[in-house]
Amino acid sequence: MQVRVRAFARLREAIGGDLTLEVPEGATMSRLLAAVGETSEQAGEALFEESGELRGYVILMHNGRRVRRAEAGTLTLADGDEVALFPPVAGG
Amino acid sequence: MLTDRGLDRYQRQVALFGEEAQERLGCARVVIVGAGGLGCPVALYLAAAGIGEVRLVDGDVVDRTNLNRQVLHADRDVGRAKVESAAEKIRAQNPEIRVVATRATLDEGNAAGLAGGADLIVDATDNFAARYILNRVALHAGVPLVHGAVRGFDGQATTIIPGKTACLECIFPVTPPGEDLIPVVGTTPGIIGLVQANEAIKYITGTGDLLTDRLLVWDGRAATTAILPVERQDDCSACGNGRC
């Protein structure tokens, strides 16, 4: 199935724009995030800590709804879903 | 009542939202924390709009590396306190308002005093430690907070109404990493700062729909904005579980 990924700020730079990824039926948000991280070294670094954990400050959205970190492992995606990934900026 | 001078000065705004709303702007006290990339456009446009009292808070002095984006500061201001440099420019823009410049770096000890009595607080800081302090001060005092932040060509803004909408820690429970040198083009804080100033004007005049429970995300490379819905979190360490 296909899931659309919208990336913002540094993550968008790392990925190079929006993506449509092919993931297995019933894939979870965590599975999708891993797939996004595998698209390039920069994308992997932008999303994950060296430990492999998702960077804590990245905001996850699923079809326009905020997804809590704890839900990522169990939230299953469907064909045509949209996931948005937003790493906030901090400067002023 | 607006004076004849005021009716002239604010003619285009009175035509837009009426004399009473203009008077509300004239009675409003707004604290802008940060007189840098965001704070400069926020202060200039709020002064021009006729906000009665603009308070500027910043502990830094102007550095030459600030000048690409901190547009109230000029070459001759290098080495001068940012709040003094900014206050001089906005007083010249609008001598009919009160401008209070406080040279201080916001911390937990002074934040409540610096923001005290304000009708609205603008977060024009450059780090999340200061932002979290401001968020908690705003929640405690029940004063709206308009958040903005930038990096590179990217920016974000949202408006927080304490006790009603998502607060800064609901939206950003984990701070993004700090950087020694944050790359930025001056137009990014210009755009986000004006979104913040626009929110302040809307809140005070009761005009339009605020950016509450919504995070505006600006991508200057693509010239697009996105709105991400955000919501209060029951377990928010700043405003959850009846804390606010």
Side-chain angles (χ1 to χ4, degrees), chain A residues 3-20 29-30 32-33 36-37 40 42-73 75 81-92, chain B residues 33-40 42 58 69-70 122-131 147-156 158 166 168 170-179 181-184 188-189 192-193 196 213 215 217-219 221-222 224 226-231 233 235:
Chain A
V3 176
R4 189 171 135 83
V5 179
R6 290 180 75 194
F8 296 93
R10 294 176 84 172
L11 198 55
R12 188 177 184 83
E13 287 174 44
I15 292 171
D18 293 339
L19 289 175
T20 300
M29 177 71 109
S30 293
L32 177 82
L33 294 171
V36 174
S40 74
Q42 296 96 314
E45 280 174 15
L47 266 183
F48 297 102
E49 305 282 356
E50 277 180 27
S51 64
E53 246 188 272
L54 183 67
R55 292 194 185 274
Y57 54 84
V58 177
I59 293 174
L60 309 175
M61 311 279 298
H62 172 233
N63 293 339
R65 190 186 71 84
R66 179 86 173 256
V67 176
R68 287 164 171 266
R69 193 55 45 109
E71 292 176 75
L75 176 74
D81 278 0
E82 183 183 276
V83 167
L85 306 172
F86 176 66
V89 292
Chain B
V33 183
L38 293 167
C40 285
V42 172
D58 198 308
R69 64 198 183 281
Q70 302 187 13
V122 179
D123 161 19
T125 63
D126 61 1
N127 67 89
F128 261 80
R131 290 188 166 97
H147 161 77
V150 294
R151 181 189 187 280
F153 280 96
D154 299 303
Q156 69 209 17
T158 190
L168 203 66
C170 294
I171 303 170
F172 308 114
V174 179
T175 60
E179 292 173 275
L181 192 155
I182 298 180
V184 65
T188 309
I192 296 298
Q196 291 179 278
D213 290 327
L215 184 68
V217 178
W218 162 249
D219 176 346
R221 287 179 197 273
T224 55
I227 297 288
L228 304 184
V230 290
E231 55 190 25
Q233 303 294 319
D235 58 355

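This is a predicted model, so every value here is computed, not measured. Heavy-atom basis, side chains included; hydrogens, waters and symmetry copies ignored.
A 4.5 Å side-chain heavy-atom check between B:Val150 and B:Leu38 finds at least one atom pair inside the cut-off.
Taken from CD1 in B:Ile227 to CG in B:Asp213, the straight-line distance is 12.0 Å, to the nearest 0.5 Å.
Residue B:Asp58 comes nearest to B:Ala35 through the heavy atom pair OD2-N, 2.7 Å, listed as atom of the first residue, atom of the second, then distance. Nearest heavy-atom pair across A:Ser40 and A:Ala43 is OG-N, 3.0 Å. Residues B:Gly152 and B:Thr188 share a closest heavy-atom pair of O-OG1, 2.8 Å.
In terms of heavy-atom pairs under 4.5 Å with chain A, the best-connected choice from B:Pro229, B:Gly36, B:Pro173 is B:Pro229. The candidate with the highest count of non-hydrogen atom pairs below 4.5 Å against chain A, out of B:Ile182, B:Thr125, B:Val217, is B:Val217. Comparing B:Glu179, B:Arg151, B:Arg69 by heavy-atom pairs within less than 4.5 Å of chain A, the highest count is held by B:Arg151. Ranked by heavy-atom pairs under 4.5 Å with chain A, the list B:Arg131, B:Gln70, B:Glu231 is led by B:Arg131.
Salt-bridge annotation for A:Arg4 and A:Asp81: absent, with no side-chain N of the basic residue lying under 4.0 Å from a carboxylate O of the acidic one. A salt bridge does not link A:Arg6 with B:Asp219: every distance from a Lys NZ or Arg NE/NH1/NH2 to an Asp or Glu carboxylate oxygen is 4.0 Å or more.
Partners of B:Ala129 according to the side chain to side chain contact (heavy atoms under 4.5 Å, CB included) rule, which considers only residues two or more places apart in sequence or in another chain, are B:Asn127.
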B:Asp154/B:Trp218 under side chain to side chain contact (heavy atoms under 4.5 Å, CB included): CA gap, chis, key distance, verdict: CA-CA 6 Å; B:Asp154 299 303; B:Trp218 162 249; over 6 Å; no
Side chain to side chain contact (heavy atoms under 4.5 Å, CB included) between B:Val33 and B:Val122: does it pass, once the steps are laid out? CA-CA 6 Å; B:Val33 183; B:Val122 179; over 6 Å; no
What's the verdict on side chain to side chain contact (heavy atoms under 4.5 Å, CB included) for B:Phe172 and B:Leu215, showing C-alpha distance, side-chain angles and the deciding distance? CA-CA 11 Å; B:Phe172 308 114; B:Leu215 184 68; 3.9 Å; yes
Would A:Leu54 and A:Leu47 count as a side chain to side chain contact (heavy atoms under 4.5 Å, CB included) if you check the C-alpha gap in whole Å, the side-chain angles of each, and the deciding distance to 0.1 Å? CA-CA 6 Å; A:Leu54 183 67; A:Leu47 266 183; 3.9 Å; yes
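If you measure heavy-atom distances from B:Pro183 to chain A, you find no contacts under 4.5 Å at all. With a 4.5 Å cut-off on non-hydrogen atoms, B:Cys170 touches chain A through its backbone but not through its side chain.
Between the side chain of A:Ser30 and the main chain of A:Ala72, a donor-acceptor pair closer than 3.5 Å is present. Not a single donor-acceptor pair under 3.5 Å links the side chain of A:Glu45 to the backbone N or O of A:Gln42.
In the displayed structure, A:Glu53 atom CD is contacted under 6.0 Å by at most 12 heavy atoms of other residues, nucleotides or ligands.
Contact residues of residues 10-17 of chain A toward chain B are A:Arg10, A:Arg12, A:Glu13 (heavy-atom distance under 4.5 Å). Using non-hydrogen atoms only and a strict 4.5 Å limit, the part of residues 57-67 of chain A facing chain B consists of A:Tyr57, A:Ile59, A:Met61, A:Gly64, A:Arg66. Residues of residues 83-92 of chain A lying within less than 4.5 angstrom of chain B, judged on heavy atoms, are A:Phe86, A:Pro88, A:Val89, A:Ala90, A:Gly91, A:Gly92 in numerical order.
If you check the side chains of B:His147 and B:Gln196, you find no donor sitting under 3.5 Å from an acceptor.
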